[in-house]
Undergrad: 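Below is one structure. I have some questions about it.
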There are 2 protein chains.
Amino acid sequence: MAVVEKSPMQTEHGRDRILRVAANLFLTKGYAETSLRTIADAAEMRPASIYHHFDSKDALLSEILDIGMHAVTTAFTAAREELGSEATGRQQLQAHVAGHLRALFANQAFTAAHVTVFPFAPADVRAASVPQRDEYEALWTDMLSHIAPGLGSDALRLTRLALFGAMNSAVQWFDHTEGSVDDLAATIVDTLWHGLAPRTGGTS
Amino acid sequence: MAVVEKSPMQTEHGRDRILRVAANLFLTKGYAETSLRTIADAAEMRPASIYHHFDSKDALLSEILDIGMHAVTTAFTAAREELGSEATGRQQLQAHVAGHLRALFANQAFTAAHVTVFPFAPADVRAASVPQRDEYEALWTDMLSHIAPGLGSDALRLTRLALFGAMNSAVQWFDHTEGSVDDLAATIVDTLWHGLAPRTGGTS
DNA sequence: GTCTATATCTTGATAGAC
DNA sequence: GTCTATCAAGATATAGAC
């Protein structure tokens with residue numbers, strides 16, 4: 001559970017190491033496509049040793065998803081506290097989009113696994129993750145309803161989901177080792193805030 | 001190859017039926033998670049019979065992806081021809097977003113499989129699909145560069161990818177049996193065109 | 001806490017009758 | 001064109017030594 005705070009050094013042992021290599025393999029190859037042998041190889045141990053730390057492959061995935069959801073939730077509340085109460089709508093949007101994207105790309109793959117691995121996870125594993133996901137969604141719904149009070153609840157939900165879709169798809173095409181995540185956030189927010197329409201007069 | 005034009009009647013036989021049930025299973029359960037036995041059950045035949053129509057499970061997926069890409073490309077060019085040359089930028093955007101989303105939700109799951117199944121498909125299968133995907137992306141890049149000429153190539157690429165992410169994520173949360181796909185398209189385009197910023201004066 | 005060895009099941013794919 | 005029967009490989013998981 002304290003994995004995300006630690007540096008991804010190669011001196012990592014046992015349980016934490018299994019979690020990290022498994023998260024990366026699930027993300028790149030998929031859950032069913034990744035065998036325990038592959039995970040064991042990457043963690044430099046034998047398949048049987050994994051069962052000392054986790055009850056099953058499903059339990060391993062479940063914990064990975066937990067850690068990922070915890071990371072984005074923490075990023076959200078941290079961004080909110082840094083903002084102060086006088087922040088403009090656009091500043092709030094910018095801070096939270098940047099926080100989400102930063103968490104998405106922060107060295108571990110726990111958060112990103114939530115995007116592509118979750119939809120195909122075994123039903124039990126998905127169900128266990130739903131409450132945390134709902135909580136996180138509620139944070140965004142609340143924030144968006146404050147900065148765009150004109151939106152009805154349907155449009156609000158749709159905007160949130162489309163924004164999530166746009167942000168989360170970045171795990172598949174954005175190379176965070178080449179570009180800045182904050183620049184990515186700034187561009188997304190700029191487009192979402194002002195739109196694509198030719199700007200006839202700057203409203204700032 | 002002519003599958004998408006046919007109605008999804010239960011009188012469907014052999015090859016076409018395999019394609020349709022497999023596409024739906026891959027989409028909901030994932031590729032590796034779906035066995036040939038499961039596909040055979042859903043198609044009401046024996047696993048061995050599938051091999052009379054397809055060389056391998058990979059070949060089956062490959063053809064599903066081909067059909068899906070063909071569907072969206074056809075939708076794009078059809079929308080472009082309906083538009084005429086005097087269409088405004090917003091009208092073009094509206095038509096193509098609606099076309100993409102309609103193709104995404106049109107009875108078969110071939111197109112939607114491209115969103116969630118493709119990333120975890122075997123490397124060979126992915127590689128075979130890349131040229132078609134690049135072609136489709138080029139159509140969008142070209143269209144967006146015309147309606148938003150102010151965007152640099154980096155911002156253009158990012159806008160296209162984020163828009164794709166937003167649209168394609170809808171396969172995971174939009175119930176097209178309850179709401180209208182065209183309404184969904186209208187809302188997405190409205191937000192993308194005008195932005196979330198409080199509107200101080202309508203520029204139409 | 002990691003290992004060797006193995007049980008048990010499911011997988012994709014093939015052979016050949018009809 | 002679909003079937004029965006089966007193979008070989010790989011999967012998750014367990015038992016028990018060290």
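We name chains A, B, ... by the order of the sequence lines, and we start the count at 1 in each one.
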Undergrad: Would you say Arg90(B) and His194(B) are linked by a side-chain donor-acceptor pair, where the criterion is simply a distance under 3.5 Å?
TA: yes
Undergrad: For DNA chain D, which nucleotides open and close the run of contacts to chain A, 5' to 3', at under 4.0 angstrom from a non-hydrogen atom?
TA: dA11(D) to dA15(D)
Undergrad: Mind checking whether Arg80(A) and His96(A) have side chains closer than 4.5 Å, heavy atoms only?
TA: yes
Undergrad: Kindly indicate, with the supporting measurements, whether the criterion salt bridge (charged side-chain N to carboxylate O under 4.0 Å, His left out) is fulfilled by Glu137(B) and Arg157(B).
TA: CA-CA 10 Å; Glu137(B) 283 179 15; Arg157(B) 174 170 175 275; over 6 Å; no
Undergrad: Considering heavy-atom distances to DNA chain C, does Arg37(A) or Tyr51(B) have its closest nucleotide positioned more toward the 5' end?
TA: Arg37(A)
Undergrad: Could you say whether Thr38(A) or Asp55(A) is positioned toward the 5' end of DNA chain D, judged by the nucleotide with the nearest heavy atom to each?
TA: Thr38(A)
Undergrad: Does the separation of the ring centres of Phe76(A) and His100(A) fall below 6.0 angstrom?
TA: no
Undergrad: Parallel, tilted or perpendicular: which fits the ring planes of Tyr136(B) and Trp140(B), with parallel below 30° and perpendicular above 60°?
TA: perpendicular
Undergrad: Which residues in residues 27-36 of chain B have at least one heavy atom lying under 4.0 Å from any atom of DNA chain C?
TA: Thr34(B), Ser35(B), Leu36(B)
Undergrad: Counting only heavy atoms and a strict 4.0 angstrom limit, can you tell me which residues of residues 40-49 of chain B come near DNA chain D?
TA: Met45(B), Arg46(B), Ala48(B), Ser49(B)
Undergrad: Only one of Phe120(B), Phe110(B), Tyr31(B) passes ring pair (Phe, Tyr, Trp, His ring centres under 6.0 Å) with Phe26(B); say which it is.
TA: Tyr31(B)
Undergrad: Hey, would you say the Trp173(B) and Phe164(A) ring centroids sit under 6.0 Å apart?
TA: no
Undergrad: Check whether any side-chain heavy atom of His114(A) sits under 4.5 Å from a side-chain heavy atom of Asn168(A), and report yes or no.
TA: no
Undergrad: Determine whether the aromatic ring centres of residues Phe105(A) and Phe174(A) are separated by less than 6.0 angstrom.
TA: yes
Undergrad: So which atom in Gln91(B) and which in Leu83(B) form the shortest heavy-atom distance, rounded to 0.1 Å?
TA: O-CD2, 3.9 Å
